[in-house]
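Worksheet: the structure to be examined is printed underneath.
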Amino acid sequence: MKYWLIKSEPDVFGIDDLKKAKREPWNGIRNYQARNFMRDEMEIGDLALFYHSNAKPPGVVGIAEVASEPYADNLQFDENSNYHDPKSNPDDPRWMMVDFNFVEKFPEMVSLDQLKGEKALEGMLVTQRGTRLSITPVSKKHFDKVCRMAR
DNA sequence: GCCAACGTTGGC
DNA sequence: GCCAACGTTGGC
């Protein structure tokens, strides 16, 4: 079982939206590294820290769970979508995604500042400057620590 | 296959 | 809204 951190902008799709939806296809990822994590490494039952980016303040607000095998993100074939990719071949889709289930919303967010200030989280990718990846792997140690900080 | 130009992310 | 840090694109 692996652990992850997934970013989302609360204005677009935040933890409350996931709570309401219960389950959501993680579509719109158009970065190869992030895609590879979903396609090649995620397994049903993996847990992910749900992170609000472009928020004030940014930080981890809850937990989601991988709920499906990887499958093609249909928006890549939708000409009216921002995520349309004309170069993707329907017989060999370029962009894959998984579904996430809502697991938990933390009573209080663990802000990026808190993450950065916590010695035990040293090396966590999201705290590092220039990490723009919307999906990053997280060690179990770091995952557990963030959960403890939230409670 | 190099690399300049361009686009995007996301903290601040 | 600025801009640093990346990723991608495309000409050569």
Side-chain angles (χ1 to χ4, degrees), chain A residues 2-21 24-42 46-66 70-139 141-150:
Chain A
K2 294 194 176 74
Y3 298 88
W4 306 93
L5 180 143
I6 56 176
K7 292 181 184 174
S8 190
E9 301 189 24
D11 292 346
V12 180
F13 191 85
I15 188 77
D16 290 326
D17 297 307
L18 183 62
K19 186 175 184 180
K20 205 179 306 168
E24 181 77 5
W26 212 244
N27 56 28
I29 301 293
R30 295 292 177 271
N31 170 283
Y32 288 104
Q33 260 184 289
R35 177 206 65 184
N36 292 347
F37 286 138
M38 288 197 286
R39 189 190 60 184
D40 305 333
E41 298 202 40
M42 281 191 185
D46 282 2
L47 295 177
L49 298 170
F50 195 103
Y51 178 93
H52 278 174
S53 61
N54 262 325
K56 292 178 197 169
V60 176
V61 291
I63 298 175
E65 174 190 27
V66 176
Y71 61 105
D73 178 344
N74 286 329
L75 296 182
Q76 69 197 301
F77 305 121
D78 179 353
E79 284 180 32
N80 298 317
S81 169
N82 286 338
Y83 300 112
H84 180 231
D85 183 351
K87 291 185 197 159
S88 184
N89 173 3
D91 295 328
D92 182 20
R94 178 180 291 189
W95 303 111
M96 307 291 282
M97 65 181 180
V98 299
D99 289 356
F100 279 99
N101 278 338
F102 174 80
V103 174
E104 172 183 352
K105 181 184 176 182
F106 291 152
E108 282 186 55
M109 122 178 324
V110 182
S111 71
L112 180 59
D113 269 354
Q114 286 174 271
L115 297 176
K116 283 180 173 169
E118 178 53 60
K119 192 84 170 136
L121 296 179
E122 215 164 277
M124 198 176 170
L125 284 170
V126 75
T127 63
Q128 277 160 35
R129 194 153 166 262
T131 300
R132 297 182 311 162
L133 256 189
S134 55
I135 297 176
T136 52
V138 174
S139 69
K141 211 177 91 189
H142 286 171
F143 184 91
D144 290 343
K145 178 69 187 173
V146 173
C147 293
R148 281 199 301 276
M149 289 167 75

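Below, chains carry the letters A, B, ... as their sequence lines are ordered, and counting in each starts from 1.
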Whole angstroms only, please: what is the CD1-C1' distance between A/I135 and B/dT9? 14 Å

With heavy-atom distances below 4.5 Å as the criterion, would you say the side chains of A/K7 and A/Y51 are in contact? yes

Near DNA chain C, under 4.0 Å by heavy atom, which residues of residues 24-33 of chain A? A/Y32, A/Q33

Are any of A/K7's side-chain N or O atoms less than 4.0 Å away from OP1 or OP2 of B/dG11? no

Can you check nucleotides 2-6 of chain C for protein contacts, nitrogen or oxygen pairs under 3.5 Å, and list what you find?
{"unit_1": "C/dA4", "atom_1": "O3'", "unit_2": "A/R129", "atom_2": "NH2", "d": "3.2"}
{"unit_1": "C/dA5", "atom_1": "OP1", "unit_2": "A/R129", "atom_2": "NH1", "d": "3.0"}
{"unit_1": "C/dA5", "atom_1": "OP1", "unit_2": "A/R129", "atom_2": "NH2", "d": "2.5"}
{"unit_1": "C/dC6", "atom_1": "O2", "unit_2": "A/R132", "atom_2": "NH1", "d": "3.0"}
{"unit_1": "C/dC6", "atom_1": "O2", "unit_2": "A/R132", "atom_2": "NH2", "d": "2.5"}

When rounded to the nearest 0.5 Å, the distance separating CD1 of A/I6 from OG1 of A/T136 is 10.0 Å

So CG of A/L133 and CG of A/N31: to nearest 0.5 Å the spacing works out to 5.0 Å

Could you state the atom-to-atom distance from NE2 of A/H52 to C1' of B/dG11 in whole Å? 16 Å

Sugar-phosphate, base or nothing in reach of A/K87, heavy atoms under 4.0 Å: sugar-phosphate

Return the value, rounded to whole Å, for the distance between atom CG of A/L133 and atom C1' of C/dG7. 10 Å

For A/Y32 and A/W95: C-alpha separation, side-chain torsions, deciding distance, then whether ring-ring contact (aromatic ring centres under 6.0 Å, His included) applies. CA-CA 8 Å; A/Y32 288 104; A/W95 303 111; 4.8 Å; yes

Between A/T127 and A/K116, what is the shortest heavy-atom contact and its length? O-CE, 3.5 Å

In whole angstroms, the gap separating C1' of B/dT8 from OH of A/Y83 amounts to 12 Å

Can you give me the closest heavy-atom contact between A/I15 and A/E104, atom names plus distance? CD1-O, 3.9 Å

Find the distance between CG (A/N27) and CD (A/Q76) and round it off to the nearest 0.5 Å. 10.5 Å

A/K116 NZ to B/dG10 C1', in whole Å, measures 11 Å

Before accepting this row, confirm whether a basic side-chain N of the pair A/D85/A/R94 lies closer than 4.0 Å to the acidic partner's carboxylate O. yes

Please report the distance, rounded to the nearest Å, between CG in A/N54 and P in C/dG1. 13 Å

How long is the line joining CG of A/D85 and C1' of B/dT8, in whole Å? 15 Å

Please report, rounded to the nearest Å, how far the C1' atom of B/dT9 is from the OH atom of A/Y51. 11 Å

Specify whether A/F13 and A/F50 have parallel, tilted or perpendicular ring planes, treating 30° as the upper limit for parallel and 60° as the lower limit for perpendicular. tilted

